[in-house]
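Following: one structure in structure tokens, then a few remarks.
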Amino acid sequence: MITPLKLVDVNKQFKDGDRQIEILKNLNLTVEKGEFVAVIGPSGSGKSTVLSIAGALQSSDSGQVLINGRDISGYSDKEKSLVRLKSIGYIFQAANLVPFLNVRDQLKLVTELAGEWNDDAKKRADDLLESVGLTSKAKKAVQHLSGGEKQRVAIARAFMNNPELILADEPTAALDASRSREIVGLIAQEVHDKNKAAVMVTHDESVLDFCDKVYEMHDGGLRLRK
Ligand code: ADP
Ligand code: MG
């Protein structure tokens, strides 16, 4: 079985003035198909950094980043952008939708970029909008949606290209408690019904029951919370 995500001895430092600060120290993480993993930890502990390295958005200083069994560490920017487009669905804290496009066109755009906007994709977009409860808003411009609705569009968009790996960085930060459970429930459903792998960074203890494992940032690495 191919492992969707494996981080091996990942290190990352940032410059703070003339000091180097080690944010990630020999960090290891494996996420198998069908697994929904949470990463928690204090602000500034490196959660977003781990996620963005796993999501091919920034590089590690050393270590391996294996997406579907392939080490992307040495990939060119172009190769990384293809991995992001085809294999990774990234959900940001603020939905990060494209202004002025309607709901359905947010989904169309990512699939057009992948060169796959065909009849199957159109049906998939409509099915996804139905599953997140937005069929009646498909033609609405996203700036007129509520925070919860925008986040549901972002989720549908992240699932659109059928990625093996879903990465969510504090997806519920802007939402109230019941909307938060709805959003995280949608991610859990995609993972468990379709055998995807997902990592969610969160501060929100009230959604951890959806996750199969909870890791805490600890001294630049991850440790399993019992
Ligand atoms: P978290 O998501 O857990 O709040 P981050 O991963 O965003 O933490 O950041 C971890 C630490 O690394 C913070 O101290 C942050 O200021 C620092 N950091 C993150 N990105 C950069 C960067 N591009 N340049 C310098 N420092 C950074
Ligand atoms: Mg963060």
Side-chain angles (χ1 to χ4, degrees), residues 5-31 35-67 72-77 80-81 83-84 88-97 147-148 150-151 154-155 157-158 163 165-177 179-181 183-184 186-188 191 197-208 210-226:
L5 176 65
K6 197 169 163 81
L7 303 178
V8 185
D9 289 334
V10 165
N11 290 286
K12 184 74 179 174
Q13 300 190 345
F14 290 116
K15 257 206 174 76
D16 182 22
D18 28 307
R19 285 197 321 141
Q20 288 285 120
I21 302 187
E22 283 187 282
I23 299 297
L24 306 180
K25 294 185 223 168
N26 294 323
L27 179 140
N28 290 284
L29 174 66
T30 299
V31 189
E35 232 181 6
F36 184 14
V37 159
V39 172
I40 60 172
S43 179
S45 58
K47 304 181 297 299
S48 294
T49 303
V50 180
L51 211 66
S52 62
I53 289 172
L57 288 169
Q58 68 174 326
S59 301
S60 61
D61 298 332
S62 64
Q64 288 181 296
V65 179
L66 298 138
I67 309 284
I72 63 160
S73 318
Y75 277 24
S76 67
D77 287 348
K80 282 185 185 167
S81 72
V83 171
R84 287 197 297 269
I88 297 169
Y90 214 105
I91 302 157
F92 299 91
Q93 175 171 339
N96 282 7
L97 301 174
K150 281 183 190 152
Q151 205 53 308
I155 286 184
R157 181 182 62 181
L165 179 61
I166 296 156
L167 302 173
D169 195 348
E170 308 212 28
T172 66
L175 306 177
D176 64 35
R179 288 290 178 212
S180 294
R181 291 193 64 77
I183 293 297
V184 179
L186 285 169
I187 300 173
V191 171
V199 183
M200 173 177 65
V201 162
T202 189
H203 270 113
D204 188 350
E205 293 277 335
S206 74
V207 295
L208 295 179
F210 284 107
C211 300
D212 305 301
K213 284 181 187 159
V214 178
Y215 291 98
E216 296 169 330
M217 293 294 310
H218 176 73
D219 197 19
L222 290 170
R223 100 183 150 187
L224 195 60
R225 184 158 97 168
K226 300 285 182 224

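Every number for a ligand or one of its atoms is a count from 1 in the order of the listing. We use all heavy atoms of the structure for the numbers below, so side chains are in, but hydrogens, waters and symmetry mates are not.
- For atom 15 (C) of ligand 1, no protein heavy-atom neighbour is present inside the 4.0 Å cut-off.
- Applying side-chain contact (heavy atoms from CB on, under 4.5 Å) to Leu7 and the options Ile67, Leu27, Leu66 leaves one that passes, Leu27.
- Here is the list of ligand 1 atoms found below 4.0 Å of a heavy atom in Thr49: 5 (P), 6 (O), 9 (O).
- When each atom of ligand 1 is checked for a heavy atom of Pro42 under 4.0 Å away, the hits are 3 (O).
- Among all non-hydrogen protein atoms, the one lying nearest atom 10 (C) of ligand 1 is Gly44 O, 3.3 Å.
- Atom 7 (O) of ligand 1 has its closest protein heavy atom at Ser48 CB, 3.7 Å.
- With sequence neighbours excluded, no residue forms a salt bridge (charged side-chain N to carboxylate O under 4.0 Å, His left out) with Arg84.
- Every heavy atom of Ser52 sits 4.0 Å or more from the atoms of ligand 1.
- For the atom pair Glu170 CD and Leu51 CG, the distance stands at 10.0 Å (nearest 0.5 Å).
- Checked by distance only, ligand 1 and Phe14 stay at 3.5 Å or farther apart across all their nitrogen or oxygen atoms.
- For the Mg ion (ligand 2), protein N/O/S neighbours under 2.8 Å (waters excluded) are Ser48 OG.
- In this structure the side chain of Cys211 reaches within 4.5 angstrom of the side chain of Met200, judged on heavy atoms.
- For atom 11 (C) of ligand 1, the nearest non-hydrogen atom from the set Ile23, Leu24, Ile21 belongs to Ile23.
- Not a single heavy atom of Gly41 lies less than 4.0 angstrom from ligand 1.
- In terms of modelled atom types and a separation under 3.5 Å, the side chain of Asp212 and the main chain of Glu35 share no donor-acceptor contact.
- In summary, the side chains of Ser59 and Lys12 do not present any donor paired with an acceptor at a separation below 3.5 Å, with no hydrogens or angles considered.
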Q: Applying side-chain hydrogen bond (donor to acceptor under 3.5 Å, both in side chains), run through Ser206 and Asp204 and close with a yes or a no.
A: CA-CA 5 Å; Ser206 74; Asp204 188 350; 2.6 Å; yes
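- In this structure, atom 8 (O) of ligand 1 lies nearest to the protein heavy atom Gly46 N, 3.3 Å.
- Under the 4.5 Å side-chain criterion, counting only non-hydrogen atoms from C-beta, Gln13 is not in contact with Ile21.
- A donor-acceptor pair is defined here as one N or O able to donate and one able to accept, closer than 3.5 Å; such a pair exists between the side chain of Tyr90 and the backbone of Ser52.
- Side-chain contact between Ile40 and Val214 is present, with at least one heavy-atom pair separated by less than 4.5 Å.
- Taking CG of Leu208 as the reference point, atom NZ of Lys213 lies at 15.0 Å (rounded to 0.5 Å).
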